[in-house]
Amino acid sequence: MKRPDTFLEPEDAGAIVMSTVRQCDTETVDLTACCGRALAETLPARTEQPRFRKGAVDGYALAEDPGDQPFDVIGSIAAGDRRDPAQPAALKPGTAVRIMTGAVVPPDIALIIRFEFTETVPPAEQVRIVHTDSSSNIAERGENIRLDEPLLTPRRVTPADVGILASQGYARVPVFRRPSVAVFSTGTELVAPDSETLEPWAIHDSNSYQIAALAEEIGANVVNYGILPDDQQQITDAVKAAIDTHDVVVCSGGVSMGDMDFLPTALETLQAEIHFHGLAMKPGRPTLFATSGGTLIFGLPGNPVSTLVQFEMFIAPALAEMQGLTYTPRETSLPLAKPFSRGKTDRHEYLPGYVQDGKIERVTYQGSGHLSALAAAELIFRIDRGVTSVPAGGEVYARYIRPTD
Ligand code: AMP
Ligand code: MG
């Protein structure tokens with residue numbers, strides 16, 4: 001087997017992954033299930049809004065502006081009254097009706113004066129305007145939305161969009177299907193977090209849980225198949241079954257050059273097309289990416305910081321694109337608080353840090369096995385290939401990995 005490539009740039013690797021992505025097909029879901037999903041087609045307006053000439057305030061409806069002349073009140077119209085919107089009020093001069101917000105406004109009503117801008121005039125309980133209102137307080141039919149005009153175009157559905165869809169009588173909504181993701185951890189040393197025993201040589205599987213959580217956060221349907229031992233046949237069989245039933249397969253561990261690294265051979269046996277194996281980045285040098293029959297297969301190195309970094313760089317954008325969304329990494333460029341220097345410069349190095357006073361501080365970090373370092377990290381920052389040192393105040397590329405809360 002070839003050694004993993006160590007020269008492929010992360011950006012080039014990302015472009016390779018994205019060039020293989022195919023959008024999922026679409027499905028129709030309940031209105032209550034569409035928030036956060038990507039709308040699959042432009043939806044037209046189904047009804048005009050307002051559907052009828054509508055009162056915008058509680059007040060007195062008048063056929064003409066009475067100026068400071070008092071008027072008599074002869075009736076009342078409320079929202080929900082069974083009233084034909086074409087039926088005139090036919091008010092005699094000097095009269096008005098009470099009308100409530102949301103009520104049908106008859107065609108011969110010119111304006112509504114809100115109650116609080118009027119006073120009652122004794123002794124005949126007439127009403128007079130005391131403040132003028134700049135608006136007629138009538139919403140004309142169709143002034144917000146016209147029938148058949150585009151209502152929403154394809155994009156991520158927001159809570160406001162859910163309201164818009166409901167207001168237009170959309171109970172079912174066409175969206176892109178969520179990609180289905182199979183997750184495996186490989187390693188004979190691994191046991192599940194709920195295992196009763198933890199032998200002295202064993203460690204808990206954290207990668208499958210971290211990967212599943214990352215994939216779910218971005219909207220994928222995840223099946224976590226848990227742990228596979230370092231066994232060529234078992235790994236080959238499990239990956240084959242997953243390729244047949246999922247859009248994406250993510251394996252962690254066993255992807256490098258060790259005696260127990262069986263994933264590359266499994267993929268060769270299954271005649272998957274290996275697009276890259278190896279990257280000029282740290283962590284993540286042995287990362288592998290393959291496709292088979294439309295399924296994307298990622299082999300991530302077992303070290304758990306690597307899992308997060310590779311997911312953020314390559315898998316998150318692919319999963320978003322598959323469901324009709326665009327992944328927008330929260331990228332920035334910030335100065336380092338303290339000087340940085342290193343010996344080897346053959347790879348782009350991604351390190352955890354946090355921002356203080358507009359500068360990146362490093363968190364204590366022993367390397368890509370040091371998962372708990374991420375608890376204090378807000379971002380990962382990058383020291384580029386070929387760079388030995390960055391002075392205090394020198395700007396570096398960074399990418400947030402934590403919501404700002
Ligand atoms: P590997 O890529 O299989 O050589 O594993 C590299 C390192 O990551 C080893 O120390 C493994 O024990 C560790 N590792 C592998 N898989 C996992 C996992 N699922 N969860 C936590 N650590 C892991
Ligand atoms: Mg291993």
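What you are looking at is a predicted structure, and each value in this text was computed from that prediction instead of being measured. Indexing begins at 1, ligand by ligand and atom by atom, following the structure's order.
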**OP:** May I ask you to check whether Phe115 and Tyr60 place their ring centres under 6.0 Å from each other?
**Re:** yes
Original post:
Among pairs that include at least one residue of residues 192-203, which meet salt bridge (Lys or Arg N to Asp or Glu O under 4.0 Å), considering only residues two or more places apart or in two chains?
Top reply: none
Would you be so kind as to tabulate the donor-acceptor pairs closer than 3.5 Å made by side chains of residues 64-82, with sequence neighbours excluded?
{"unit_1": "Asp65", "atom_1": "OD1", "unit_2": "Gly67", "atom_2": "N", "d": "3.0"}
{"unit_1": "Asp72", "atom_1": "OD1", "unit_2": "Gln126", "atom_2": "NE2", "d": "3.2"}
{"unit_1": "Asp81", "atom_1": "OD2", "unit_2": "Ala78", "atom_2": "N", "d": "2.8"}

**OP:** Determine whether the aromatic ring centres of Tyr397 and His348 lie less than 6.0 Å apart.
**Re:** no
Dump all N/O pairs between ligand 1 and the protein below 3.5 Å as a table: atom names plus distance, one pair per row.
{"unit_1": "ligand 1", "atom_1": "2 (O)", "unit_2": "Gly302", "atom_2": "N", "d": "2.8"}
{"unit_1": "ligand 1", "atom_1": "3 (O)", "unit_2": "Gly254", "atom_2": "N", "d": "2.9"}
{"unit_1": "ligand 1", "atom_1": "8 (O)", "unit_2": "Gly302", "atom_2": "O", "d": "3.3"}
{"unit_1": "ligand 1", "atom_1": "8 (O)", "unit_2": "Asn303", "atom_2": "N", "d": "3.2"}
{"unit_1": "ligand 1", "atom_1": "8 (O)", "unit_2": "Asn303", "atom_2": "OD1", "d": "3.4"}
{"unit_1": "ligand 1", "atom_1": "12 (O)", "unit_2": "Glu189", "atom_2": "OE2", "d": "2.5"}
{"unit_1": "ligand 1", "atom_1": "14 (N)", "unit_2": "Gly302", "atom_2": "O", "d": "3.3"}
{"unit_1": "ligand 1", "atom_1": "19 (N)", "unit_2": "Ser185", "atom_2": "OG", "d": "3.1"}
{"unit_1": "ligand 1", "atom_1": "19 (N)", "unit_2": "Asp205", "atom_2": "OD1", "d": "2.9"}
{"unit_1": "ligand 1", "atom_1": "19 (N)", "unit_2": "Asn207", "atom_2": "ND2", "d": "3.4"}
{"unit_1": "ligand 1", "atom_1": "20 (N)", "unit_2": "Ser206", "atom_2": "N", "d": "3.0"}
{"unit_1": "ligand 1", "atom_1": "20 (N)", "unit_2": "Asn207", "atom_2": "N", "d": "3.3"}

**OP:** Name the orientation class of the two ring planes belonging to Phe289 and Phe298 (parallel below 30°, tilted from 30 to 60°, perpendicular beyond 60°).
**Re:** tilted
Original post:
How would you list, by chain and number, every residue that makes a salt bridge (charged side-chain N to carboxylate O under 4.0 Å, His left out) with Arg385, sequence neighbours excluded?
Top reply: Glu9
